[in-house]
Amino acid sequence: MKLLRLLVLSAALLAAAQAQTAQPTPQVPAALPEVHIASPVADLAKGYAFAASQMSESRVVIYYRSEEKTVALKGIRSVRASGGVLLINLSGGDLVAISAERILLITDGGRTP
């Protein structure tokens, strides 16, 4: 009798173990890819960053619209685009972000807007 109980218990445990391993393991989704949507402002920022990189670095001046006045930004070390924004690294170590829509003029000469 004890042998029969042991066999039944063993069979039940074996069936339970097989049922547990038969279930599929949940799949963890891979990281979603970044989606970059082109926009006119982002394209403008890329164009400005490229243009600034072609100019004499020590003389680049960016004129932009701030509220109702024009501001000249000097002492620029580098300019890069991030979406529709220009990230401007200044010689003092500051980093300035300006919307490409606010840029009036980028020059390495004496021109003013």
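Throughout, numbering of the chain's residues begins at 1 and tracks the sequence. Everything numeric in this text was worked out from a predicted model, so none of it was measured.
In the hydrophobic clustering of this structure, Ile62 groups with Leu44; members are Ile, Leu, Val, Met, Phe, Trp, Tyr whose side-chain heavy atoms approach within less than 4.5 Å, directly or through other members.
Arg102 and Glu67 make their closest contact through NH2-N, 4.5 Å (heavy atoms, listed as atom of the first residue, atom of the second, distance).
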Show me, pair by pair, the donor-acceptor contacts under 3.5 angstrom made by side chains of residues 71-95, not counting sequence neighbours?
unit_1 : atom_1 : unit_2 : atom_2 : d
Ser91  : OG     : Gly75  : O      : 3.4

Show me, pair by pair, the donor-acceptor contacts under 3.5 angstrom made by side chains of residues 105-113, not counting sequence neighbours?
unit_1 : atom_1 : unit_2 : atom_2 : d
Thr107 : OG1    : Gly109 : N      : 2.9
Asp108 : OD2    : Ser56  : N      : 3.1

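The line from CD1 of Ile103 to OH of Tyr48 is 6.5 Å long, rounded to the nearest 0.5 Å.
With sequence neighbours left out, the side chain to side chain contact (heavy atoms under 4.5 Å, CB included) criterion links Glu101 to Val41, Ser99.
Cluster note: Phe50 groups with no other residue, as no ILVMFWY side-chain heavy atom lies under 4.5 Å from it.
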